[in-house]
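Whatever order the structure lists them in is the order used to number ligands and atoms, beginning at 1.
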Amino acid sequence: MVPRSARRNAGIKRGVTVMAQAQATLSIDLGGTKMLAALVRDRTVLDTHKMATPRGGNPAEWLQALFDTIAPWKGRYDKVGAAVTGIVDDGHWSALNRNTLDVPERFPLTDTIARLSGSPAFAANDAQAAAWGEFSFGAGRREDMVFLTVSTGIGGGIVVGGRLLGGLAGHFGQFRLDEASRHMLEDQVSGHWIASEASPHQEGATAREVFAAANAGQDWARRIVETSARRTALLCRNVQLALDPKRIVIGGSIGLAPGYLTSIERALSDLPPRLKPSIHAAELGENAGVVGIADLAERQQQL
Ligand code: BMX
């Protein structure tokens with residue numbers, strides 16, 4: 001007869017074999033403003049840790065700081081997925097817009113994370129990962145969809161026929177407003193722009209404070225928020241013409257700020273039904289990226 005303690009150690013309990021629970025995935029969402037780390041298992045977020053993305057330094061230092069704070073999670077995950085602002089090719093990370101985050105050309109992202117974590121690492125663009133999260137488990141409803149995150153920059157992801165497009169696909173924030181302009185669309189719409197437009201009215205105001213002022217009825221703040229939302233609405237309209245998705249899902253700290261989606265809807269209200277995008281708020285909120293990258297890492301889906 002096997003002693004009870006030995007049976008427990010062998011994972012056998014009253015004749016039933018108890019399966020060892022699968023390890024979680026460590027997911028990292030590294031954006032222009034915040035870094036979010038999460039332990040994710042079967043799309044459930046078990047634990048999170050959030051910190052500001054440092055404005056100076058380099059990616060190796062940012063990642064080291066993040067891994068130092070989540071050191072107690074060691075042993076709870078067996079792989080890492082990283083969703084980062086910028087473009088990832090062949091495990092290397094670069095910025096397209098260094099105003100959003102000053103990432104040097106071809107930083108060795110997956111190698112650095114694999115070294116810091118001791119686990120295999122997988123990486124993709126943050127908005128593409130979030131698009132996959134919303135498509136699979138959120139407001140995308142597994143239909144052809146475009147995801148837009150209006151945040152520090154404007155990111156995007158496209159899922160057609162159940163496939164997430166990689167590479168440059170979805171980088172709508174990089175659209176130029178005209179051929180002579182040095183400005184990208186995101187530099188005229190997103191968090192940095194909102195804060196800079198606010199400075200003559202309220203020195204040092206953050207985008208969040210501009211929204212608070214707009215909702216408190218301040219005209220200057222309303223004008224800034226409305227201008228940003230109208231430009232995002234125009235982008236949605238053009239996206240609809242280019243890709244005709246069933247849904248456009250909007251996320252990001254600006255996209256989900258109170259009143260922003262309503263302003264987009266208002267700007268689109270006069271369009272004939274055939275041209276009108278179907279706009280939805282992201283359902284996974286700020287977890288879209290970490291949930292999406294965990295699923296991609298499990299599938300090892302190369303983008
Ligand atoms: C920029 C670009 C995208 C990113 C998007 C949203 C960089 C560094 N980033 O368009 O890759 O998806 O911003 O980024 O070039 P976030 O930081 O606002 O989430």
So is T100 in contact with ligand 1, going by heavy-atom distances below 4.0 Å? yes
Quick look: V103 vs ligand 1, heavy-atom contacts under 4.0 Å, and the answer is neither
So the atoms of ligand 1 within less than 4.0 Å of a heavy atom of Q174 turn out to be 1 (C), 2 (C), 10 (O)
Ion pair R266/E226, N-O distance below 4.0 Å
yes
* **Carboxylate-amine/guanidinium proximity below 4.0 Å for D144 and R247** => no
Item checked: Full working for side chain to side chain donor-acceptor pair (under 3.5 Å) between S117 and Y77 -> CA-CA 9 Å; S117 65; Y77 58 84; 5.0 Å; no
Given side chains that start at C-beta, do those of K246 and R142 come closer than 4.5 Å, heavy atoms only?
no
Note: ligand 1 atoms sitting under 4.0 Å from heavy atoms of L96 are 7 (C), 15 (O)
message: Under a 4.0 Å threshold between the charged nitrogen and the carboxylate oxygen, would R299 count as salt-bridged to D295?
response: yes
heavy-atom search around atom 16 (P) of ligand 1 in the protein gives D126 OD2, 3.6 Å
Answer yes or no: does an N/O atom from G173 fall short of 3.5 Å to an N/O atom of ligand 1?
no
Ligand 1 atoms nearer than 4.0 angstrom to some heavy atom of G31 are 17 (O)
Does T149 come within less than 4.0 angstrom of ligand 1, counting non-hydrogen atoms of the residue? no
Quiz prompt | Lys/Arg N to Asp/Glu carboxylate O, R106 vs D89, below 4.0 Å | solution = yes
The answer for which part of M184 has a heavy atom under 4.0 Å from ligand 1 is neither
Requested in this report: Determine whether the side chains of H201 and S199 contain a donor N or O and an acceptor N or O closer than 3.5 Å.
Outcome: no
among protein heavy atoms, the one nearest atom 17 (O) of ligand 1 is G32 N, 2.8 Å
Atom 6 (C) of ligand 1 sits nearest the protein heavy atom G155 N, 3.6 Å
Requested in this report: Check whether any heavy atom of G86 sits under 4.0 Å from an atom of ligand 1.
Outcome: yes
*Distance under 6.0 Å and angle within 45° of ring axis: R231 vs W193*: yes
Per-atom filter on ligand 1: closer than 4.0 angstrom to a heavy atom of H171 are 3 (C), 11 (O)
Can a salt bridge be assigned to the pair K50 and E286 using a cut-off of 4.0 Å between side-chain N and carboxylate O?
yes
| query | Is the closest side-chain donor-acceptor distance between T152 and T33 under 3.5 Å? | reply | yes
re atom 4 (C) of ligand 1, the protein heavy-atom contact at minimum distance is T85 OG1, 3.3 Å
re atom 18 (O) of ligand 1, the protein heavy-atom contact at minimum distance is G153 N, 2.8 Å
Among non-hydrogen protein atoms, atom 13 (O) of ligand 1 lies closest to E186 OE1, 3.4 Å
